[in-house]
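Encoded as structure tokens, the structure appears first; notes follow it.
Hydrogens, waters and symmetry mates play no part in the numbers below; they use all other heavy atoms, side chains included.
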Amino acid sequence: MNKFVLYLLTAATISFASCGRKGSGPTDTPTSGTTEIAVDESFQPIIDSEITVFESIYPQAGILPIYTGETDALNLLLRDSVQMVVATRPLSGEERASLESRKLFPKEIKIATDGIAIIVNKSNKDTLFSMQTLRRILTGEVSRWKDLNPKSTLGDIRVMFDNPHSSTVRFLIDSVCKGDNLSSQVRSRLNNAEVVNFVATTPGSLGIIGVGWVSNRRDTTCMGFLDKISVAGVSREPVADRRNSYQPYQAYLADGRYPLRRDIYILLTDPRHGLASGFTSFLTSDRGQRIILKSGIMPATQPVRVIQVRDYL
């Protein structure tokens with residue numbers, strides 16, 4: 001074979017292989033391509049809304065959410081299976097060190113403050129709980145509605161939350177039970193939607209759920225909850241009454257009067273500033289924060305109207 005022809009064939013082969021390698025690398029940008037993110041299932045309604053708007057603005061972008069428990073979501077980040085997580089806590093020192101040892105330098109960005117809602121069946125007249133009472137229920141010290149209200153005819157208190165690996169469970173143990181274990185009578189459903197449906201159809205039930213799942217999205221004032229359940233008031237005082245109990249409205253999340261509140265963070269390990277970074281920027285933007293405002297929780301940067309509501313229970 002002619003040496004010149006052989007040279008051209010060799011050069012063409014190298015060029016083709018080089019192009020193939022370039023094409024096999026990451027192709028997403030801040031506003032295009034596809035990326036998976038892991039999200040604590042408590043925040044599915046909010047993140048679904050955010051994704052819908054983001055993808056309508058950037059039609060070449062595809063955000064693929066994995067809704068799961070917070071523990072599982074963080075494990076996906078630590079294994080570098082995803083580059084973005086929505087969770088209720090920052091990384092621990094050990095988790096951060098593990099990522100940094102692999103040249104993954106995480107960012108932690110607060111995007112909102114969420115509330116844990118206590119929900120009961122519409123037939124239940126007991127809609128005020130002190131933190132002390134909730135602790136007694138969760139640890140099994142109190143197991144019947146009659147123990148709280150001698151006039152109650154509802155029988156056993158059937159406590160229900162989403163799943164054992166959720167941020168809600170960690171919050172209950174850390175902030176309500178103060179490290180004590182949950183009672184063996186406390187049960188979990190597969191997801192938050194099932195918790196709402198269980199409470200709506202079970203008179204003696206008590207559900208513990210992220211407030212985003214019980215906010216009424218048809219209420220443009222962000223001042224309403226779903227009609228099929230009752231959202232209880234919670235008090236920091238030893239005895240709950242109408243004057244010292246608050247529901248998880250945005251204003252009470254903002255000023256701290258509602259005690260069952262927690263922050264929401266984006267945990268990001270995206271070294272190339274690709275689509276995960278672009279979606280994070282959207283969540284922290286004015287438009288992204290307004291979506292959070294309409295969801296019924298407290299955005300990190302948007303102002304919240306304070307409306308006094310005292311005749312709710």
Side-chain angles (χ1 to χ4, degrees), residues 18 21-44 46-51 53-55 57-58 60-114 165-171 174-175 210 212 261-292 297-302:
S18 176
R21 284 196 297 272
K22 289 181 180 179
S24 65
T27 59
D28 62 300
T29 74
T31 58
S32 67
T34 61
T35 190
E36 287 187 323
I37 65 173
V39 182
D40 185 310
E41 196 253 347
S42 297
F43 310 122
Q44 181 173 346
I46 302 163
I47 299 302
D48 276 348
S49 297
E50 297 278 9
I51 290 173
V53 175
F54 182 79
E55 291 182 344
I57 299 171
Y58 306 108
Q60 294 184 358
I63 306 294
L64 309 175
I66 302 169
Y67 293 113
T68 184
E70 183 177 74
T71 300
D72 295 331
L74 288 168
N75 284 336
L76 288 172
L77 185 75
L78 293 170
R79 293 198 300 266
D80 198 23
S81 298
V82 299
Q83 295 181 329
M84 175 182 169
V85 163
V86 181
T88 63
R89 67 168 177 86
L91 294 166
S92 69
E94 183 178 350
E95 290 166 340
R96 176 174 285 277
S98 174
L99 290 168
E100 290 178 350
S101 70
R102 289 171 281 149
K103 307 301 181 185
L104 297 171
F105 300 99
K107 297 179 181 178
E108 298 168 351
I109 304 161
K110 178 182 171 181
I111 61 169
T113 298
D114 178 44
H165 302 292
S166 74
S167 59
T168 302
V169 174
R170 181 177 59 80
F171 181 88
D174 293 348
S175 300
R261 57 198 293 272
R262 57 188 183 173
D263 292 332
I264 304 175
Y265 295 91
I266 297 295
L267 307 177
L268 184 69
T269 57
D270 180 11
R272 298 180 306 98
H273 302 291
L275 188 54
S277 294
F279 187 51
T280 297
S281 296
F282 176 75
L283 290 173
T284 59
S285 71
D286 179 76
R287 192 162 188 175
Q289 289 285 286
R290 287 186 181 278
I291 293 171
I292 291 174
I297 67 173
M298 174 68 186
T301 62
Q302 287 290 321

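Legend: residues meeting side-chain hydrogen bond (donor to acceptor under 3.5 Å, both in side chains) with T35, ordered by chain and number and at least two apart, are absent. Qualifying side-chain hydrogen bond (donor to acceptor under 3.5 Å, both in side chains) partners for N75, counting only residues two or more places apart in sequence or in other chains: none. With sequence neighbours left out, the side-chain hydrogen bond (donor to acceptor under 3.5 Å, both in side chains) criterion links R102 to S98.
The heavy-atom pair separating M84 from A276 by the smallest distance is SD-O, 3.8 Å. Nearest heavy-atom pair across G278 and F54 is O-CE1, 3.9 Å.
Among E108, R96, E95, the one residue that satisfies the side-chain contact (heavy atoms from CB on, under 4.5 Å) test with P90 is E108. Under the side-chain contact (heavy atoms from CB on, under 4.5 Å) test applied with I111, the options I46, D263, T280, T284 reduce to a single match, T284. In summary, of the residues considered (D40, T71, D114), a side-chain hydrogen bond (donor to acceptor under 3.5 Å, both in side chains) with S167 occurs for D40 alone.
There is a side-chain donor-acceptor pair under 3.5 Å between T88 and E70.
Looking only at distances, no side-chain donor or acceptor of E50 sits under 3.5 Å from a matching main-chain atom of I291. Judged by distance alone, with hydrogens and angles left aside, the side-chain atoms of Q289 form a donor-acceptor pair with the main-chain N or O of T301 at under 3.5 Å. Between the side chain of E36 and the backbone N or O of P65 there is no donor-acceptor pair closer than 3.5 Å.
Looking only at side-chain heavy atoms (C-beta outward), Y58 and I63 stay at 4.5 Å or farther from each other. Within the 4.5 Å cutoff, the side chain of D28 has heavy atoms near those of the R272 side chain.
Crowding of Y265 atom OH: a count of heavy atoms from other residues, nucleotides or ligands under 6.0 Å exceeding 12. For E100, the CD atom sits in a packed shell: over 12 heavy atoms of surrounding residues, nucleotides or ligands are nearer than 6.0 Å.
A distance of 11.5 Å separates CG in L275 from CD in Q60, rounded to the nearest 0.5 Å.
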